[in-house]
Amino acid sequence: MMRERLQKVIAASGVASRRKAEQLIEQGLVTVNGQRIRELGFKADPSRDHIKVNGQKIKREPLEYYVVNKPSGVLSAVCDDFRRPVVTQLVRSRLRLYPAGRLDFQSEGLVILTNDGKLTRKITHSGGIPKTYRVKVRGCPQDEQLTALRGGLTIDAQKLASCRVRILKKGRNCWYEVILREGKNRQIRRMFEQIGHPVMRLRRVAIGPVSLGELPPGASRRMSMKELCSLREA
């Protein structure tokens, strides 16, 4: 095991969030091999060092990975001040899990819950792992409008990255597949609003090699080892 910042080690053990762990260190409540640590940059190896918080030895939590089909009306968060339902309530785990990236309140589909910070950073890194969406919009954009989407629009002085867009189903209101490598806040909704075709329904169906498949809304499953390895290598 490599040496890591002490606050990260504490957060990975499930004792506290990283911010709370920093406060505990600054308050002198953390020791490593009997030495009281107050430096936030201090690094430790949880497999070799004897780390205590408030006099209690910490143990590194096992890593868990869940695939969740988030329904509309559920928040991609671990808690909410307004007591709205949150995505972490859709799995049964004694560990402190977090959504690896966000999916807005009205949107539905694939969310990965994990306590693996390294994988979370890989998933959320802009320009990294592609995310695939099924999108229903009001009306049907013209070809030149779709070309503008694919090239990357500028909205509110912010240049959005290029993306892949293809038609799935034509009708009074059309369905599209959209693949993004960039994940700015409400990006797909803003893109289609910009060209005059607001989103009616948005569902994420894949993150890299991990697909939602036939998982029902509100349900969850553990990620397979094959999926995990493919995601780490993506």
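Only this structure's heavy atoms are used, side chains among them; waters, hydrogens and symmetry mates stay out.
- Counting heavy atoms from C-beta outward, M191 and L160 have side chains that approach closer than 4.5 Å.
- When atom types are taken as modelled, the side chain of S17 and the backbone of K20 share a donor-acceptor pair closer than 3.5 angstrom.
- No donor-acceptor distance shorter than 3.5 angstrom exists from the side chain of K122 to the backbone of G117, with no hydrogens or angles considered.
- For the pair K52/V30, no side-chain contact is recorded, criterion being any heavy-atom separation below 4.5 Å from C-beta on.
- When all heavy atoms of A100 and T114 are compared, the pair lying nearest together is CB-CG2, 4.4 Å.
- With hydrogens and angles ignored, the 3.5 Å screen pairs no side-chain donor or acceptor of Q56 with any backbone N or O of V53.
- Between V178 and T132 there is no side-chain heavy-atom pair separated by less than 4.5 Å.
- Without hydrogens or angle criteria, R203 side chain to G109 main chain gives no donor-acceptor distance under 3.5 Å.
- In this structure, K170 places its NZ atom where only 12 or fewer heavy-atom neighbours from other residues, nucleotides or ligands lie under 6.0 Å away.
- I37 and I58 fall within a single hydrophobic cluster, where Ile, Leu, Val, Met, Phe, Trp and Tyr side chains are chained together by heavy-atom contacts under 4.5 Å.
- Summarising the geometry of A44 relative to V9, their closest heavy-atom pair is O-CG2, 4.0 Å, with the distance given to 0.1 Å.
- For the atom pair CD of Q145 and CG of L153, the computed distance is 10.0 Å after rounding to the nearest 0.5 Å.
- Between V67 and V210, the closest side-chain pair of non-hydrogen atoms falls below 4.5 Å.
- Open room surrounds NZ on K118; 12 or fewer heavy atoms of other groups in view lie less than 6.0 Å from it.
- A chain of hydrophobic side-chain contacts below 4.5 Å, direct or via other Ile, Leu, Val, Met, Phe, Trp or Tyr residues, connects L228 to I129.
- Taking 4.0 Å as the cut-off between side-chain N and carboxylate O, R166 and E177 count as a salt-bridged pair.
- In this model, no donor atom of one side chain and acceptor atom of the other lie less than 3.5 Å apart for S230 and E233.
- Atom CG of L6 and atom CD1 of I51 lie 6.0 Å apart (nearest 0.5 Å).
- Open room surrounds NZ on K43; 12 or fewer heavy atoms of other groups in view lie less than 6.0 Å from it.
- Of the possible donor and acceptor atoms, one in the side chain of N173 sits under 3.5 Å from a partner among the backbone N and O of G139.
- Within a 6.0 Å sphere centred on CZ of R164, heavy atoms belonging to other residues, nucleotides or ligands number 12 at most.
- If you chain together hydrophobic residues whose side chains sit under 4.5 Å apart, L24 and L40 fall into the same group.
- The nearest pair of heavy atoms linking G218 to P71 is N-CG, 3.6 Å.
- Residues Y176 and C140 are in side-chain contact: their nearest non-hydrogen atoms beyond the backbone lie under 4.5 Å apart.
- The backbone N or O of Y66 lies less than 3.5 Å from no partner atom in the side chain of S220, so there is not a single donor-acceptor pair.
- Residue I188 is grouped with residue I155 when hydrophobic side chains (ILVMFWY) are merged at heavy-atom distances under 4.5 angstrom, including chains of intermediate members.
- The shortest distance between side-chain heavy atoms of Q158 and R190 falls below 4.5 Å.
- Looking only at distances, a side-chain donor or acceptor of H197 sits under 3.5 Å from a matching main-chain atom of R138.
- Minimum heavy-atom separation, L146 to P141: CD2-CB, 3.9 Å.
- How far CG of N33 is from CZ of R48: 10.0 Å, rounded to the nearest 0.5 Å.
- The residue from R134, K136, K70, R201 that alone fulfils the salt bridge (Lys or Arg N to Asp or Glu O under 4.0 Å) condition with E108 is R201.
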Practice problem: Please lay out, stage by stage, how I25 and I10 fare under the test side chain to side chain contact (heavy atoms under 4.5 Å, CB included). | Solution: CA-CA 10 Å; I25 294 169; I10 295 171; 4.3 Å; yes
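- Y65 and D116 share a donor-acceptor pair across their side chains, judged by distance under 3.5 Å alone.
- There is no path of hydrophobic side-chain contacts, each under 4.5 Å, that joins I179 to V111.
- In terms of heavy atoms, V68 sits closest to L113 at CG2-CD1, 3.8 Å.
- Summarising the geometry, atom OG1 belonging to T147 is positioned 10.0 Å from atom CD1 belonging to I195; distances are rounded to the nearest 0.5 Å.
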- Task: Evaluate the side chain to side chain contact (heavy atoms under 4.5 Å, CB included) criterion for residues M200 and V137: first the C-alpha distance (whole Å), next the side-chain angles of each, then the deciding distance (0.1 Å), finally the verdict.
- Result: CA-CA 5 Å; M200 302 175 67; V137 303; 5.8 Å; no
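- Remark: side-chain polar atoms of T154 are not paired, donor with acceptor, to backbone N or O of A157 under 3.5 angstrom.
- Two residues are said to be in side-chain contact when any heavy atoms from C-beta on lie closer than 4.5 Å; L75 and P85 fail this criterion.
- Here the side chain of N69 pairs a donor or acceptor atom with the backbone of L215 at under 3.5 angstrom.
- With rounding to the nearest 0.5 angstrom, the OH atom of Y133 is 6.5 Å from the CG atom of L103.
- For E182 and K131, the salt-bridge test fails: no basic side-chain N is under 4.0 Å from an acidic carboxylate O.
- Residue R189 places its CZ atom among more than 12 non-hydrogen atoms of other residues, nucleotides or ligands, all under 6.0 Å distant.
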Check residues 87-94 and write down every donor-acceptor pair under 3.5 Å in which the side-chain atom is one partner and the other belongs to a residue at least two apart or another chain.
residue : atom : partner : partner atom : Å
Q89     : OE1  : V86     : N            : 3.2
S93     : OG   : E64     : OE1          : 2.6
S93     : OG   : L95     : N            : 3.1

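- Here Q35 contributes atom CD and F42 contributes atom CZ; the two are 5.5 Å apart, rounded to the nearest 0.5 Å.
- Geometrically, R84 engages F105 in a cation-pi contact, judged by NZ or CZ lying under 6.0 Å from the ring centre and within 45° of the ring axis.
- Smallest separation of non-hydrogen atoms from Q7 and A21: O-CB, 3.7 Å.
- Using a 4.5 Å cut-off on side-chain heavy atoms (C-beta onward), I123 and L231 make contact.
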Apply side chain to side chain contact (heavy atoms under 4.5 Å, CB included) to R232 and E227, showing your working.
CA-CA 9 Å; R232 285 172 169 166; E227 289 174 317; over 6 Å; no
Any chance you could lay out the side chain to side chain contact (heavy atoms under 4.5 Å, CB included) test for V199 and E193, step after step, and finish with the verdict? CA-CA 7 Å; V199 169; E193 285 172 3; over 6 Å; no
